[in-house]
Amino acid sequence: MGKSASKQFAEEVLRSHNDYRKQHQVPAMKLSSKLSSEAKQYAESLASTRILKHSEKSSRGACGENLAWASYDQPGKEVADRWYSEIKNYNFNSPGFSSGTGHFTAMVWKSSRKLGVGKATASDGSTFVVARYTPAGNIVNQGQFEENVLPPRK
């Protein structure tokens, strides 16, 4: 994937994130070249092992992270739409973290300001996508979900 294709993909993912964030009345994120470079490196390491697992960096809370895998070359909007579709499982009346809504809540987390996006293709043609967020979202401390995951405006 050429540099322009990679940048174009990242901008498509960013645009989708910001379209969704707007529905939740939270500020738009900006693309970070540092986070994108780290996300791309991590996507390449996932593609080389063909195992989808979160990074040490995200496990330590240094950044938020969404991952996606598909057996084909995934368009950026499709990846973001798939993550966002978890909103159907999120209960705004009982906010908090659940494994079935973590991609969605990371996307619309109000205090996250920067996004990094990387994509890599494995030897079998499948693709791995990594999105990194700072400051990290999905913080389980009291009141964090209420403050950062706002319902969409009808």
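- The two residues Pro27 and Arg113 come nearest to each other via the heavy atoms CG-NH1, 3.5 Å.
- Transitive grouping of hydrophobic side chains (ILVMFWY, heavy atoms separated by less than 4.5 Å) brings Ile87 and Val13 into a common cluster.
- For the residue pair Trp83/Ser85, the side-chain donor-acceptor check at 3.5 Å is not satisfied.
- In this structure the side chain of Lys34 never reaches within 4.5 angstrom of the side chain of Lys114, judged on heavy atoms.
- Ser112 contributes a side-chain N or O that, together with a main-chain N or O of Pro135, makes up a donor-acceptor pair within less than 3.5 Å.
- A donor-acceptor distance shorter than 3.5 angstrom exists from the side chain of His24 to the backbone of Leu150, with no hydrogens or angles considered.
- A donor-acceptor pair under 3.5 Å is formed between the side chain of Ser16 and the backbone N or O of Glu12.
- In this structure a side-chain-to-backbone donor-acceptor pair under 3.5 Å is present from Asn91 to Ser94.
- Remark: the Ser55 side chain and the Arg132 side chain contain an N/O donor-acceptor pair separated by less than 3.5 Å.
- Nearest heavy atoms, Ala122 versus Ala47: CB-O, 3.5 Å.
- Between Thr127 and Trp69, the side chains place no donor N or O within less than 3.5 Å of an acceptor N or O (distance only, hydrogens not considered).
- Residues Pro95 and Val149 are not in side-chain contact: their nearest non-hydrogen atoms beyond the backbone lie 4.5 Å or more apart.
- Put simply, the side chain of Phe128 reaches to within 4.5 Å of the side chain of Leu52, judged on heavy atoms.
- Under the ring-ring contact (aromatic ring centres under 6.0 Å, His included) rule, His17 has a single partner from Tyr84, Tyr133, Phe104, which is Tyr133.
- No donor-acceptor pair closer than 3.5 Å links the side chain of Asn66 to the backbone N or O of Ala131.
- Following chains of ILVMFWY side-chain contacts shorter than 4.5 Å, one can reach Val108 starting from Val79, so the two form part of one hydrophobic cluster.
- Under the 4.5 Å side-chain criterion, counting only non-hydrogen atoms from C-beta, Glu78 is in contact with Tyr72.
- Residues Val26 and Tyr20 do not share a hydrophobic cluster, clusters being chains of Ile/Leu/Val/Met/Phe/Trp/Tyr side chains in contact below 4.5 Å.
- A donor-acceptor pair shorter than 3.5 Å cannot be found between the side chains of Tyr42 and Glu56.
- Residues Phe145 and Tyr90 form a side-chain contact, since some pair of their non-hydrogen atoms from C-beta on lies under 4.5 Å apart.
- Between Leu31 and Ser36, the closest side-chain pair of non-hydrogen atoms falls below 4.5 Å.
- Note on Arg15 versus Glu11: no salt bridge recorded, every NZ/NE/NH1/NH2 to OD/OE distance being 4.0 Å or above.
- To the nearest 0.5 Å, the span separating CD1 on Ile139 from CG on Asn141 amounts to 6.5 Å.
- Side chains of Ser98 and Thr101: a donor on one and an acceptor on the other come within 3.5 Å.
- Between the side chain of Asn138 and the main chain of Gly64, no donor-acceptor pair closer than 3.5 Å is present.
- In this structure, Gln25 contributes its side chain and Gln23 its backbone to a donor-acceptor pair below 3.5 Å.
- Residue Leu14 is grouped with residue Trp109 when hydrophobic side chains (ILVMFWY) are merged at heavy-atom distances under 4.5 angstrom, including chains of intermediate members.
- Between Asn18 and Met29, the shortest heavy-atom contact is OD1-N, 2.7 Å.
- Using a distance-only test at 3.5 Å, with no hydrogens or angles considered, a donor-acceptor pair links the side chain of Ser48 to the main chain of Ser45.
- Side chain of Lys40 to backbone of Lys119: a donor-acceptor contact under 3.5 angstrom is found.
- Asn148 places a side-chain N or O within 3.5 Å of a backbone atom of Ser111 that can act as its donor or acceptor partner.
- With a 4.5 Å cut-off on side-chain heavy atoms, Leu67 and Leu46 count as touching.
- Linking ILVMFWY side-chain heavy atoms closer than 4.5 Å, directly or via other members, places Met107 and Val130 in two distinct hydrophobic clusters.
- For Ala136 against Cys63, the heavy-atom pair with the smallest separation is CB-C, 3.5 Å.
- Side-chain contact between Lys110 and Glu147: absent, with no pair of heavy atoms (C-beta onward) separated by less than 4.5 Å.
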